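One structure is given below, encoded as structure tokens.
Order of the sequence lines fixes the chain letters, A, B, ..., with proteins taken first and strands second; residue numbering starts at 1 for each chain. Given the structure is predicted, the values throughout are model-derived calculations rather than measurements.
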Amino acid sequence: MSAKPLFFCRNFVGRLLCRTLALFLTGSCTLAFGQSSGMASLPSVTVSAQSNLDPVEKSYRKMVRGMELFEREHRLAPGASLQFKLLPRLPDTNMQEIYVEVVGKTVDFPVAISADKTFSMQRNPKALEEDAQVVPNRKAQSMTWRTDIRTPGLPLNTRRLGDLRLECKVGMEAGLISNSSTVIGQLVQALIDGPSYCDRPAPQYLFFADRPLFRVAMISQDRKEVLAIDKLYAGASDDPGFKKELPYCDCEVLLDRTYVLPLGDRSWPDDTLIEFEYMDE
Amino acid sequence: MVMAGLLMGGCTSLPGLSGLQQKAPFRNDQMSMQDATGAIVPGSTDRPGARAVLGHATEIVFDSGYEVWLYRGRTSAMQRDGSEFLVLFDPSGFVKKTRIRPWYVKQ
């Protein structure tokens, strides 16, 4: 193994990812051996996503729990509905013709994906009972998932803080975050705390703007504050080696659109507008 | 886009740390962030030109070809004061725009 994985394996999240790698390598070797030894063909085996700590598919149960949390905390974004969103994770990810299915032991049904790669989920008791998986037609690590909660009618190039607070909570509850960020310690806390992580003063929950960012400002009545640069680009301004760590971040191909917010700072009310200035304007 | 005039007028952007003076982050330590804004010309100043005028920066280079250069303000105690001067270069290598982030009083 190279030095980087050894270093990465020393911390909690790194050990989780290293175990995933070990499982993958072990599985690959077993399959290769079975194919070459001349043994009688074996029945196919479905590998449960639960044995893979970083699968491309997500747990249907967890996503439904996220939907339930959305209903409980809807007051954060009273005018918004809940969507989930698929985003590219690798440079060569093809985001066209994406199909998503919910697959259980006996139940399976398609999920309609909009042109902007958002989708909603419906409750299906059978799928819940069978602990179904939400499976896109893409290989592991090729996409990242987020929630998308938008109050309609906002000014152009803005988001609403309450919507984003709820996005974080639902995203954490639904188990959408599957990679480490450059701030390993923060992610460890995220794994432990779940949705309450979003109530911290400065959680490192990565949001992605629609286009590459140059400035993000928070505006609430007469109060306006521009975010410091270390709140953009996954903290790249403070990490000279950030490019080496990008493969471990689900922001790998979205770095210039990435920002974090002081979600737990209640001096900013839910109606605070997050205003974006883009690089290309 | 230069934000200095608008932001410095905001109620949370007043300097609240009396007795601490800001130290300019540029090669010329007499140059203020406002001076830097005037010295860097969008569409005309390129990377070598910016470096010659302002000095070395923290550079963030994106795969798109855009680059963000960061100059951080400091107090005389060599601590960051939160103010920033940023330069955006487009893929052609010329300055597209700049901006200033002032320091804010904690609420």
What distance do [X] atom [atom1] and [Y] atom [atom2] have between them, rounded to the nearest 0.5 Å?
X	Y	atom1	atom2	value
B:Phe89	A:Met279	CZ	CE	12.5 Å
B:Phe85	A:Ile229	CZ	CD1	12.5 Å
B:Leu88	A:Glu277	CG	CD	8.5 Å

Kindly determine whether A:Ser237 and B:Arg72 satisfy side chain to side chain contact (heavy atoms under 4.5 Å, CB included), including the steps that lead there.
-> CA-CA 11 Å; A:Ser237 59; B:Arg72 281 188 161 116; 3.5 Å; yes
Chi angles and distances behind the side chain to side chain contact (heavy atoms under 4.5 Å, CB included) call for B:Glu84, A:Val226 | CA-CA 10 Å; B:Glu84 300 167 346; A:Val226 176; over 6 Å; no
What closest approach, in Å, do A:Phe242 and B:Ile60 show between heavy atoms, and which atom pair accounts for it?
-> CZ-CG2, 4.0 Å
Closest heavy-atom pair and its distance - A:Tyr278, B:Lys97 | O-NZ, 2.7 Å
Can you list every side chain to side chain donor-acceptor pair (under 3.5 Å) pair that touches residues 44-56 of chain B, not counting sequence neighbours?
-> B:Arg47-B:Glu67, B:Arg51-B:Glu59
Checking B:Leu70 against chain A: side chain, backbone, both or neither under 4.5 Å from a heavy atom?
-> side chain
Stepwise side chain to side chain contact (heavy atoms under 4.5 Å, CB included) check, A:Glu252 with B:Asp63 = CA-CA 10 Å; A:Glu252 183 173 358; B:Asp63 292 341; over 6 Å; no
Flag side-chain contact, heavy atom, 4.5 Å: A:Glu225 against B:Arg101 | yes
A:Asp280 versus chain B, the contacting section by heavy-atom distance below 4.5 Å = both
Less than 6.0 Å separating the ring centroids of A:Tyr233 and B:Phe62?
-> yes
Interface residues of residues 255-262 of chain A facing chain B - non-hydrogen atoms under 4.5 Å apart | A:Leu255, A:Asp256
